[in-house]
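Counting from 1, the numbers follow the sequence of the chain as shown. Please read these numbers as outputs of a predicted model, since none were measured by experiment.
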Amino acid sequence: DKFEAQMEKADADLELAMVDERKRIDALKKEVRNLLDALAKQEDARLNEYLELRSRTAATREEYESGVATRIGGYANTGRYASSQNIRMGNSFAGLINSQDDTMAKIYAQANAGDDAPAAAPESSRGS
């Protein structure tokens, strides 16, 4: 009977400890959720600040470019003109000087061959 009483007391103590641990785990889960919510709010605030800064920067750049274009009588550079141009450098006199070992001459030769990408630099000229 004494052994059974000790076992029942140990079981009751273990049950109380398990209830306390469950309460502690629930409290920790709640704290973790709160921390994750706080982090999400901070992330949202940073994202909103970044987007606001980008829009202010774009507006300032647009205002500056339109002011410059107005002063010089031109228009803002959108890059569309340059992308439509086809560069032909084969008839350039500067491209013919030292053309055997000149990197620019290799680029000219490749451009004239119809290849748009410049040739890769030789292994000896690359930095290690």
Side-chain angles (χ1 to χ4, degrees):
D1 285 336
K2 187 177 181 182
F3 179 71
E4 283 184 25
Q6 286 178 347
M7 287 297 290
E8 287 177 11
K9 184 178 182 320
D11 284 344
D13 290 344
L14 183 62
E15 184 67 29
L16 285 174
M18 289 174 64
V19 167
D20 288 343
E21 286 298 316
R22 281 190 205 112
K23 287 180 183 175
R24 186 169 162 251
I25 288 171
D26 289 338
L28 288 173
K29 283 181 181 178
K30 183 178 179 182
E31 186 177 345
V32 166
R33 264 188 250 113
N34 290 340
L35 289 172
L36 288 173
D37 288 344
L39 284 174
K41 286 178 185 177
Q42 288 176 359
E43 182 80 16
D44 289 344
R46 280 195 299 268
L47 177 63
N48 288 338
E49 184 178 331
Y50 168 73
L51 292 175
E52 181 184 336
L53 178 63
R54 277 190 60 184
S55 65
R56 280 194 331 237
T57 303
T60 303
R61 181 177 292 125
E62 178 71 27
E63 182 181 324
Y64 170 77
E65 287 178 355
S66 67
V68 168
T70 302
R71 284 193 299 277
I72 63 174
Y75 55 91
N77 182 10
T78 62
R80 288 180 288 182
Y81 178 76
S83 66
S84 67
Q85 298 303 305
N86 190 2
I87 299 173
R88 297 279 182 217
M89 297 185 222
N91 295 331
S92 170
F93 178 72
L96 300 175
I97 300 173
N98 297 327
S99 61
Q100 280 73 30
D101 57 344
D102 188 22
T103 305
M104 286 300 285
K106 292 175 186 173
I107 294 171
Y108 291 159
Q110 192 169 9
N112 286 331
D115 224 334
D116 290 337
E123 292 296 323
S124 62
S125 66
R126 288 187 185 163
S128 294

A.B. asks: Using links of under 4.5 Å between side-chain heavy atoms of ILVMFWY residues, direct or through other members, which residues join Leu51 in one cluster?
C.D. replies: Leu47, Tyr50
A.B. asks: Using 0.5 Å steps for rounding, measure from the CD atom of Glu8 to the CD atom of Glu15.
C.D. replies: 13.5 Å
A.B. asks: Side-chain atoms of residues 24-43: list all donor-acceptor pairs with protein atoms under 3.5 Å, sequence neighbours left out, distances to 0.1 Å.
C.D. replies:
residue	atom	partner	partner atom	Å
Arg24	NH1	Glu21	OE1	3.4
Asn34	ND2	Lys30	O	3.4
Glu43	OE1	Arg46	NH2	3.0

A.B. asks: How would you list, by chain and number, every residue that makes a side chain to side chain contact (heavy atoms under 4.5 Å, CB included) with Thr57, sequence neighbours excluded?
C.D. replies: Leu53, Arg61
